[in-house]
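Side chains included, hydrogens not; waters and symmetry mates left out as well; all remaining heavy atoms used. Reminder, nothing fancy here: chain letters follow the sequence lines and each chain counts from 1.
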Amino acid sequence: MFTELNSILNSTPDSFTRKEFVLLSDRQSDASFLIHHFLSFYLRARCKVCFLGLVQSFSHYSAISQRLGVSLTQAKEKGQLIFLEGLKESLSILIPQEGNAESQAVDFLRDPTVGLRCLYEFVQSSLSSSGGGEDGTEEWGPPVLLVDDISVLLSLGVNAGAVLDFSHYCRATVCSQLQGNMVMLVRCDGEEEGDDGDDEGPELLLKGLTHQCSLTLHVQGLPTGYCRDIHGQVEVCWRRRQGDGQHTQKKLFQYKVHDKGASFFARGTSSAVL
Amino acid sequence: MAAPVDSVGKPTAERSPFNSTSFQKKTRSKLISIPGTRPSVQNGQLLVSTGVTSLDYLLGGGLAVGTVLLIEEDRYDSYSRMILKYFLAEGVVCRHELFVAAAQDNPDDILQELPAPILDDVAIHKPVDQPRLSCEPQDSLDAMKIAWRYQNLPKVQSALASTSRFGHYYDVSKTMEPEIRQAAKCHRFYLPEHPTQTSATHSPMIESYSALLKSLQEVIHREGFDVAASMPRSRNILRVGLHSLGSALWGDDLSCHDNPRHSHALTTFLYGLRALLRSSLSVAVVTVPSHLIQDRALMGSITRLCDNAIALESFKGSERETNPLYKDYHGLLHVHQVPHLNCLANQLPDHKDLAFKLKRKQFTIE
């Protein structure tokens, strides 16, 4: 959890807005440090968290969370965290073997054209059961869905439309029905103004998700090029629906990722420059 | 590997109180049990050398076990092939096991062309006896006497030097001696030897890739490179070298068309490869002819599914060859991606665009 980002977003683990869909995106840069922020943030806020870790192994997330002061293993044991390790689950489908228990959640790998229904059902079943607490388990707060790199689904053959359907269904369930939050990371490469890139997968996905979300954090490299002391800039954009129509607000920060967190500062005020 | 080193080192540490030697810190000593590896200074990852010392430095000390290095080939695949050979040669010298897959040349040919190590102070084992793994701590002293012969140095001292030595120098003008080469255990995958049957599945992978993935998984299971497996024998590293993935010879049409039919085959394969490597003690180098792939977005997702990515661009045939600025160099090397495993901040190199040159004997990056 990065405290500086919390003050930018004006939220703390004790009080944060619900029903939000946060989109993390990056372009020729790496925004995955933000997903760790949100993971530890919501675990501290005692939310029931469903994490779809599609690109890294559990030990990776666990090691980083340890540095940020949250234990994923404990959260998993307590039932607070439901972790889907995409890499591990996918192996049994990519290399079929007899006698292997196959996971339903990543069933789309068998035939990506059918869509992500099974993945959605996994999310739904793991988050809807949170209201329980009947068998002495602890009561958890609002449900939260985190997806680390939804764009990897495109690489696995799912088309962008199906991914948008998936996120829409999840938003309907998690944000509206269960009054929880949702955070997704989408990564894309290429230049911003591609002439013919409009109908392509990652761009289409980014546009579609930007349309759905309520808050975006867009990470980019520095326009002036690579620098060792400033890792890039992040554009924070709020979209609020108020009485008189849509209202957007934008802020731009530069950031640097440290060993145990990240610092955010206004443009040109890096300690390396001043 | 994605798991921190502690979890890897544990099984060895439990059964080897003897393992701590006087010149190592006690906490680190258990990690030395696999020759040719060292823990990262930054995050405790287990690293292996690529065989090119200057490339190791660029990648933050070496390749973390369990990760994939993507090399985007230069136009004629001469320098990328050389780095692949360096990587395999380093494995031979460190007595790691190898897995070589290719569709174009027979893997045996690639292995025959490995560069010879420069042996000023490195002891090279000769396969006189049944090769025994040097890292069995209980009888390590005996094992050294039996299986290792040294050329220049007294026995015990040179054994320490060669196991703790990380990265060697190679002479590209000579090939490795056959007896050294044959001492290394090597698994081959040559695509034409694997008849692929067309199946009617809707899986995004094509048959050649799934056959390769399957054969790699078999090797990992059979030889016990799984992290989870409880190993009676001592552990070793599997070095995986995959040559020219995505080229037409693999049955992939990525490099032939603007809108390939199997556009997700390679990315799905790389996803499976990452899944396999993360759960085993292995490390892979993949070369891809990226200049043939038209779709930059696709190349971006290929890069993101690997952990490290570098691109080579040789001056051969380009007008830069005659540019006086580059007269000392043979090409450019771009670092596209460095991994950050188990840590937030990644170790960024000072510069991302560098030049390489091939001296008479040695490949260097500046």
Original post:
Do Ser59(A) and Arg278(B) have side chains that get closer than 4.5 Å, going by heavy atoms?
Top reply: no
Subject >> Atom group of Ser151(A) that falls short of 4.5 Å from chain B, counting heavy atoms >> reply: side chain
**OP:** Kindly indicate whether the side chain of Leu156(A), heavy atoms from C-beta on, has any atom under 4.5 Å from the side chain of Thr267(B).
**Re:** no
Original post:
Any idea which heavy atoms bring Tyr271(B) and Ser90(A) closest together, and the distance?
Top reply: CE2-OG, 3.5 Å
Original post:
Could you walk me through whether Leu91(A) and Leu276(B) pass the side-chain contact (heavy atoms from CB on, under 4.5 Å) check?
Top reply: CA-CA 7 Å; Leu91(A) 263 189; Leu276(B) 262 183; 4.1 Å; yes
Original post:
Is the NZ atom of Lys76(A) crowded by more than 12 outside heavy atoms at less than 6.0 Å?
Top reply: yes
Original post:
Where is the tightest heavy-atom contact between Ala275(B) and Leu87(A), given as atom of each residue plus distance?
Top reply: CB-O, 3.2 Å
Original post:
Out of curiosity, Arg304(B) CZ to Cys188(A) SG, how far, rounded to the nearest 0.5 Å?
Top reply: 7.5 Å
**OP:** Mind running side-chain contact (heavy atoms from CB on, under 4.5 Å) on Thr268(B) and Ser155(A) for me, showing each step along the way?
**Re:** CA-CA 7 Å; Thr268(B) 312; Ser155(A) 307; over 6 Å; no
Original post:
Does any heavy atom of chain B fall under 4.5 Å from the side chain of Val152(A), the backbone, both, or neither of them?
Top reply: side chain
Subject >> Portion of Leu54(A) that has a non-hydrogen atom of chain B nearer than 4.5 angstrom >> reply: both
**OP:** Begin from the C-alpha positions of Gln56(A) and Arg274(B) and carry the test side-chain contact (heavy atoms from CB on, under 4.5 Å) through to its verdict.
**Re:** CA-CA 9 Å; Gln56(A) 295 286 0; Arg274(B) 172 182 274 196; 4.0 Å; yes
